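Heavy atoms only: backbone and side chains are in, while hydrogens, waters and symmetry mates are out. This is a predicted model, so every value here is computed, not measured. Order of the sequence lines sets the chain letters (A, B, ...), proteins ahead of strands, with each chain counted from 1.
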Protein chains: 2
Amino acid sequence: MGAAAERVTEALRQDVLTGVLAPGSRLTEAALAERYGTSRVPVREAVRALAADGFLELRPNAGATVAAVPVDDLADLYAVRRVAEGITASRCAQRVAAGRAEGLVAELSGIVDAGFEALAQDRPAEGARLNAEFHAAVARGSQAQSMTMVLRRVSERIQWAYSTTVAQQGKRAWTEHRQIVVAIAAGNEVRAGQAMERHIERSRASFHTGVRER
Amino acid sequence: MGAAAERVTEALRQDVLTGVLAPGSRLTEAALAERYGTSRVPVREAVRALAADGFLELRPNAGATVAAVPVDDLADLYAVRRVAEGITASRCAQRVAAGRAEGLVAELSGIVDAGFEALAQDRPAEGARLNAEFHAAVARGSQAQSMTMVLRRVSERIQWAYSTTVAQQGKRAWTEHRQIVVAIAAGNEVRAGQAMERHIERSRASFHTGVRER
DNA sequence: GCGTCTCGGATTGTATACGTTCCGGATTTC
DNA sequence: GAAATCCGGAACGTATACAATCCGAGACGC
């Protein structure tokens, strides 16, 4: 993808995910082109890409609208995410045990340390970013391409629902992250998978509370 | 999406899924434009769409190549599919129990009947089509949009791996389909979900055998 | 007054033109 | 002889122009 197209795609994705462009908003290619300072061609590419990810709905010859936040599907998304992330964590442990994941443990440890630091300094935005980074790193490290693909979409949709409330990464989350890294570093695939599944499940539970509190 | 773009996307998808365009093949937009009788613009759209689904890999300014068939990820894909399809079947039963799924049971029953007929007449291609149709109908009927989206991608990737071997729908598959429909018709969400999960698991097992026999 | 039909503006869809980037081969140099 | 460099062609990336399609406002008829 060209530079402009990529830039527009990411900008538009952020604007949708953060709610700057509210669900139901009607988007015209011309307006987006002016908003992001480019022509309609890169805009088209971005719109198509986000529609494929389910963030936009588009009707033939009638433009695109921001889709509804998938609050009703949250439980489903978490169920899939739990399985998929359990697999990726398990694969990471396998690769470490086989000596084929040089640097992975160090990378994950670094993210966890940074996460605790963000927590101590009370910077929730940084913590949320590091949280996403951690799970993305596990997915990459698993070398399971299909799962990485599926997870990116699922996680983004969960994050989208999250964005309507206050996202907060508690101390427990980072403690659990650390436990997962320990299991991966030990090359224990069973424990790594189980630890990740429990982590996702608790994440779901705490989020569910947050939603109900609204 | 315009008519031309949609046509090219589906044609290209079929050509990749059926192996007409072998993995590793290098694709240029100009060549595809000529092949499908249109200009480069709809071709670009199709290429981008298939790349997003993981069928093509594209490097900036250097064109697209057909990706590798995800044989190594098959176990992972089946694990996700099992959970996701269990959920959709369960949702169908819920909706039937609530009286909100008028016509769904009839639709599913019709597909199952057709499947048995294709089986009796020994038309494996028709059987494979109906199999995909059955699972797609369950996904639609569940009204779980996120799961439908995830499942489409996962199922297509599984089908892709399948296509390199001989796809065959046995009698057992259609018997299981019928059991799933019965559970849905009864509005029994637990049994519907479990029946679907078992069905997917057996499907995976029989496919695994097929792969090893190659 | 309400429904329907038609027409005009607006927006998407496609084609073409041009600039930019990348890859591969030939040349040059060490 | 091998490696690095440079150059030419080819393909992608973006912009612009034009055609096809759709939606809504207004007029007309009932």
Assess whether a salt bridge exists between Glu45(B) and Arg48(B), defined as any Lys/Arg side-chain N lying under 4.0 Å from an Asp/Glu carboxylate O.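 Looking at Glu45(B) and Arg48(B), the cut-off is not met.
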Would you call Arg153(A) and Glu156(A) a salt bridge, taking side-chain N to carboxylate O under 4.0 Å as the test?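 A salt bridge is absent here (no side-chain N lies under 4.0 Å from a carboxylate O).
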Please report the closest heavy-atom contact between Ala22(B) and Val66(B), naming both atoms and the distance.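 What the structure gives for the nearest pair is O-CB, 3.4 Å.
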Does a nitrogen or oxygen in the side chain of [X] sit under 4.0 Å from OP1 or OP2 of [N]?
X	N	result
Thr38(A)	dA15(D)	yes
Arg44(A)	dT16(D)	no
Arg7(B)	dT14(C)	no

Candidates dG13(D), dT16(C), dA11(D) - which lies nearest the side chain of Ser39(B):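 When the side chain of Ser39(B) is considered, dT16(C) is the closest of dG13(D), dT16(C), dA11(D).
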In terms of side-chain heavy atoms of Arg48(A), which of dG13(C), dA11(D), dC22(C) is nearest?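 From the listed options, dG13(C) comes nearest.
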Rounding to a whole Å, what distance do you find between [X]:[atom1] and [N]:[atom2]?
X	N	atom1	atom2	answer
Glu6(B)	dA20(D)	CD	P	20 Å
Glu45(B)	dT14(C)	CD	P	7 Å
Arg59(B)	dC23(C)	CZ	P	6 Å
Tyr36(A)	dG13(D)	OH	P	21 Å
Arg26(B)	dC23(C)	CZ	P	9 Å
Asn61(B)	dA10(D)	CG	P	17 Å
Glu29(A)	dT11(C)	CD	C1'	8 Å

Let me know, please, whether Val41(B) or Leu27(B) comes out on the 5' side of the other along DNA chain D by nearest nucleotide.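 Result: Leu27(B).
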5' priority, DNA chain D, between Ala64(B) and Pro42(A) [closest heavy atom]: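 Nearest nucleotide further toward 5': that of Ala64(B).
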Glu10(A) atom CD: more than 12 heavy-atom contacts under 6.0 Å: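 Yes - once you tally the heavy atoms of other residues, nucleotides and ligands closer than 6.0 Å, there are more than 12.
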Answer yes or no: are there more than 12 heavy-atom neighbours, outside Gln145(B) itself, under 6.0 Å from its atom CD?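 No, not enclosed.
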Is a side-chain N or O of Ser90(A) found less than 3.5 angstrom from the main chain of Glu189(A), in a donor-acceptor match?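 Yes, Ser90(A) side chain to Glu189(A) backbone: donor-acceptor pair under 3.5 Å.
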Would you find a donor on one side and an acceptor on the other, under 3.5 Å apart, between the side chain of Thr9(A) and the backbone of Ala5(A)?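 Looks like yes, one N/O pair under 3.5 Å.
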Determine which bases of DNA chain D form Watson-Crick or G-U wobble pairs with both distances under 3.5 Å, and write the result as a 5' to 3' dot-bracket string with | for other-strand partners. ||||||||||||||||||||||||||||||
